[in-house]
Protein chains: 2
Amino acid sequence: MKIGEFSKKSGCSIQTIRYYEREGLLLNPNRSEGNFRLYDSKALKQLEFVKHCRSLDISLNDIKRLIELKNTPEESCSSVNALIDQQLALVNKRMKELRALKAELQQMASACGSDNTIEACGIIKTLDS
Amino acid sequence: MKIGEFSKKSGCSIQTIRYYEREGLLLNPNRSEGNFRLYDSKALKQLEFVKHCRSLDISLNDIKRLIELKNTPEESCSSVNALIDQQLALVNKRMKELRALKAELQQMASACGSDNTIEACGIIKTLDS
DNA sequence: ATAGAATCTATAGTAACTATAGAGTCAATA
DNA sequence: TATTGACTCTATAGTTACTATAGATTCTAT
């Protein structure tokens, strides 16, 4: 299939597919006579792997590492574990930050009942302090 | 004070300060004879406002809007309210995403006890499906 | 033969910074 | 007085993960 169909099947935009190829996350596909990219179901699986990783917010660099690791199936998977643990730590950190952030925003929202002037607005006062 | 001291007092890097100035978040400071930027305590307050907003993850564009709003103190603060509400919605959305993400990552981490080969690793299997 | 759709490459834009190069300024020392 | 070193200046490029555009080709259908 050509890139248009590949894009629809995978749910990735055409530009993103070409970008992933440039970045080495997808193998260089075969080309048609007229230089159009040609994909098969194997390529689709590869792209789905990448998409799944991205949905977990794993960076393109880490995905590249995972792909390399996949190509050495006989080795220990401790690096894979480490990568996921690291990702989990990142997520926990961000969640903590977001919780604090949410608390402050909520407090600010309640600091301004509704219809003040900007001068009297509790939100601006909070931000100013 | 010159930018070095301003940077230390505010906790913003020198580049970031100059960047905020270019982006219109800080007023153009006076310059010394030799063209060095000169800041006073008023400028510090302005920068602290920006920093506080950034710590709440408010975008530079929205901060710019807040600054403009601050300059019309007699008007209604409903726009300020709306902006904070919108920010809160964003945070809630991201928290929800992160919770889902965390759940999947945890499940993956537990799918691989510890010392498999990559071929047998539950994590890679999950990512492949 | 030709119109229109799809594809190609190369390049620039996005957000919010960070980092660098190369030049100029300033205060203190030899 | 000359010079060293710290500080600052502007302009530009790099970061991440894409998205968008321009201009040229290729293919398909009438």
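So you know, we letter chains A, B, ... as the sequences are listed, proteins then strands, and number each from 1. Just so it is clear, the structure is predicted and the values come from calculations on it, not from any experiment.
- Separating the CG atom of A:L38 from the P atom of C:dT7 is a distance of 11 Å, rounded to the nearest angstrom.
- Dashed line: the shortest gap from a side-chain N or O of B:T16 to OP1 or OP2 of C:dC17 is not under 4.0 Å.
- In this structure, CZ of B:R22 is placed 10 Å from C1' of D:dT12, rounded to the nearest angstrom.
- Here B:Y20 lies in heavy-atom contact (under 4.0 Å) with sugar-phosphate atoms only.
- Under the rule for a salt bridge (charged side-chain N to carboxylate O under 4.0 Å, His left out), the partners of B:K9 that lie at least two apart in sequence or sit in another chain are B:E5.
- Rounded to an integer number of Å, the gap from B:E23 CD to C:dA15 C1' is 9 Å.
- Although no hydrogens or angles enter the test, the distance criterion places no donor-acceptor pair under 3.5 Å between the side chain of A:S7 and the main chain of A:I3.
- Judged as a salt bridge (charged side-chain N to carboxylate O under 4.0 Å, His left out), and not counting sequence neighbours, the contacts of B:D62 are B:R65.
- Rounded to an integer number of Å, the gap from OH of A:Y39 to C1' of C:dT7 is 11 Å.
- Judged by distance alone, the side chain of A:K64 and the main-chain N or O of A:E23 form a donor-acceptor pair under 3.5 Å.
- Although no hydrogens or angles enter the test, the distance criterion places a donor-acceptor pair under 3.5 Å between the side chain of B:Q87 and the main chain of B:D57.
- For A:R18 and C:dA10, the CZ to C1' distance is 11 Å, given to the nearest whole Å.
- Comparing atom distances between the A:Q15 side chain and each of D:dC18, D:dT21, C:dC17 picks out D:dT21 as nearest.
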(request) Would you give a per-nucleotide map of nucleotides 23-30 of chain D, 5' to 3', where B means the base has a protein non-hydrogen atom under 4.0 Å away, S means only the sugar-phosphate does, and - means neither? (result) ---SS---

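- Recorded end-axis angle for the helix from C:dA1-D:dT30 to C:dA30-D:dT1 stands at 40°, based on five pairs per end and rounded to 10 degrees.
- Qualifying side-chain contact (heavy atoms from CB on, under 4.5 Å) partners for A:S10, counting only residues two or more places apart in sequence or in other chains: A:C12, A:I17, A:L44, A:L47.
- The stretch residues 46-60 of chain B touches DNA chain C through B:R54, B:S59, B:L60, each having a heavy atom under 4.0 angstrom from the strand.
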